[in-house]
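A note on names: the letters A, B, ... follow the listed sequences, proteins ahead of strands, and every chain is numbered from 1.
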Protein chains: 2
Amino acid sequence: MAEKKAIADALICTVDVVLLTLHEQQLQVALIEREHAPFEGALALPGGYVRTAQDRSTTEAAVRVLREKAALASPWLEQLGSFSGPERDPRGWSLSVAYYALVPAALLEGQPGLQLRPVARLPRLPFDHRAIIEAAVARVRTKSQYSSLPVHLCGETFTLPQLQAVYEALLGEPINKVSFRRKIDQLGMVEPVEGAQELGRANRPAQLYRLRRAFRQKLSLLERGLNARN
Amino acid sequence: MAEKKAIADALICTVDVVLLTLHEQQLQVALIEREHAPFEGALALPGGYVRTAQDRSTTEAAVRVLREKAALASPWLEQLGSFSGPERDPRGWSLSVAYYALVPAALLEGQPGLQLRPVARLPRLPFDHRAIIEAAVARVRTKSQYSSLPVHLCGETFTLPQLQAVYEALLGEPINKVSFRRKIDQLGMVEPVEGAQELGRANRPAQLYRLRRAFRQKLSLLERGLNARN
DNA sequence: GAAATAGTGTCTATAAGACAGTATTTT
DNA sequence: AAAATACTGTCTTATAGACACTATTTC
């Protein structure tokens, strides 16, 4: 017993990253033109082979992909799940571990290789990239209902009205202002930047906030969720 | 450009299933003795190689593992995530796609190969199986707060007091009976079995319920969660 | 000071939880 | 009829949402 049979079937193993941002009040996904076959030249998710000599996990492979293809250092990054099968890649039976990343739109500007597309109107995509993006969007929307996840779409500092607009764009419906502020307060994820306000507009300036250190790497969760509606 | 380099690094690709059930009011995981090296004879999660000739996805591989190793046909099964790295398996860089399954305890009885262990007191386990189980348990507990997931730990029919006890065992705290029934009503996942009651005990018999057809394959979700406490 | 939006106080509506009552079985 | 637990009605408390008022800026 325990003979050494064929140790494992050959199988293509990749990572793909659904890089999401908020641009023009819409959730958008960053796509790049593929440099190699198959589907050379087509718009697709940034991705690549897992390199066992280099990557100490698929998460590290995803971090590497983001660094190499989108020049991003440490955005919010979480595993979404695996997508596998004999048909999804013309090269053969393949498995892709998909991740999603959230970044402020400003970090993607001036990167000619990256093309933003609204997730509500996706172009034709190779492999099962459409299904992967849709799964990522569903995950992000669900998590936005009861967590601090959306702050990772904001920049270093932001106002509460801006943060509320981000939540509203993700949830697709208006949120009651008073309730929203009570929830943000409960989440305890942000702190005011003392003396910093967003000036320059013809109205009362808004207080600037930033994400607390403790929430850079982890999420804050609500027991009851943000019950949208106004 | 697009030269055919080494198409992909060799890499061990497996699936592991965290098979959970409720036994003696405790969440327990089913482990089996490994038949082959490495860790031959040790208790571990049921798992196996992804067989590209046979399995049309990693989900199908997990279904096959459950059938072959636990004689289970179609329990609740969901992907948990992937676990990967050079160190987790002594054979080399490996990736395991982990799944979790929920079954009524009755389906596991009389299977000498399966050993139940409370997730609160796990034995020493090979690979990163402890971390995988802990991730599965965390996922199941979180989902139990706002979904119909726990019904899959009940048998074909069950009473509301039984279902409440399942939720309480998972959440680890008592739930208000009136609120619980209101929530179950909102979820709309169960229907009474006409004329069927659980008799035989020295008290008023409880109405038997069953999961509605529409919820066999999908979950019902609450907007506000089951806010435990009594 | 008019316009515009930020931020807050407070009332109302809805949902959760406590409690106690009635219901129905076995012994 | 006593014991036990199922089920339900209803009051109380907590949370969410509506609304309006004050605050602070630019023009």
Calculate the interatomic distance between [X] atom [atom1] and [N] atom [atom2]; express it in whole Å.
| X | N | atom1 | atom2 | result |
| --- | --- | --- | --- | --- |
| Gln197(A) | dA23(D) | CD | C1' | 11 Å |
| Leu171(A) | dA16(D) | CG | P | 15 Å |
| Ile175(B) | dG17(C) | CD1 | P | 9 Å |
| Glu168(B) | dG17(C) | CD | P | 12 Å |
| Asp185(B) | dT8(D) | CG | C1' | 13 Å |
| Asn176(B) | dT12(D) | CG | P | 16 Å |
| Leu199(B) | dT26(C) | CG | P | 6 Å |
| Leu163(B) | dC7(D) | CG | P | 12 Å |

Practice problem: Take Glu198(A) and Arg182(A), find for each the nucleotide of DNA chain C with the closest heavy atom, and name the residue whose nucleotide sits nearer the 5' end. | Solution: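 Closest to the 5' end, via its nearest nucleotide, is Glu198(A).
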Answer yes or no: is there an ion pair linking [X] with [Y], defined by an N-O contact shorter than 4.0 Å?
| X | Y | result |
| --- | --- | --- |
| Arg139(B) | Glu78(B) | no |
| Glu60(A) | Arg56(A) | no |
| Arg210(B) | Glu191(B) | yes |

Which nucleotide in [options] has an atom nearest any side-chain atom of [X]:
| X | options | result |
| --- | --- | --- |
| Ala202(B) | dT26(C), dT8(D), dT5(C) | dT26(C) |
| Ser179(A) | dT5(C), dA6(D), dA16(D) | dA16(D) |
| Pro205(B) | dT5(C), dA16(C), dT25(C) | dT25(C) |
| Lys183(B) | dA16(C), dA6(C), dC7(D) | dA16(C) |
| Arg201(A) | dT5(C), dC7(D), dA4(D) | dT5(C) |
| Val178(B) | dT25(C), dC19(C), dG17(D) | dC19(C) |

Quiz item: Between the base of dG7(C) and the side chain of Lys177(A), is there any donor-acceptor pair under 3.5 Å?
Solution: yes
Practice problem: Please tell me which of Gln186(A) and Arg204(A) maps to the more 5' nucleotide of DNA chain D, matching each residue to the nucleotide holding its nearest heavy atom. | Solution: Gln186(A)
Quiz item: Cut-off 3.5 Å, side chains only: do Ser82(A) and Ser82(B) have a donor facing an acceptor?
Solution: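 Looking only at side-chain atoms, Ser82(B) and Ser82(A) do form a donor-acceptor pair, the distance falling under 3.5 Å.
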Quiz item: Do the rings of Phe180(B) and Tyr167(B) sit parallel, tilted or perpendicular, given the 30° and 60° boundaries?
Solution: perpendicular
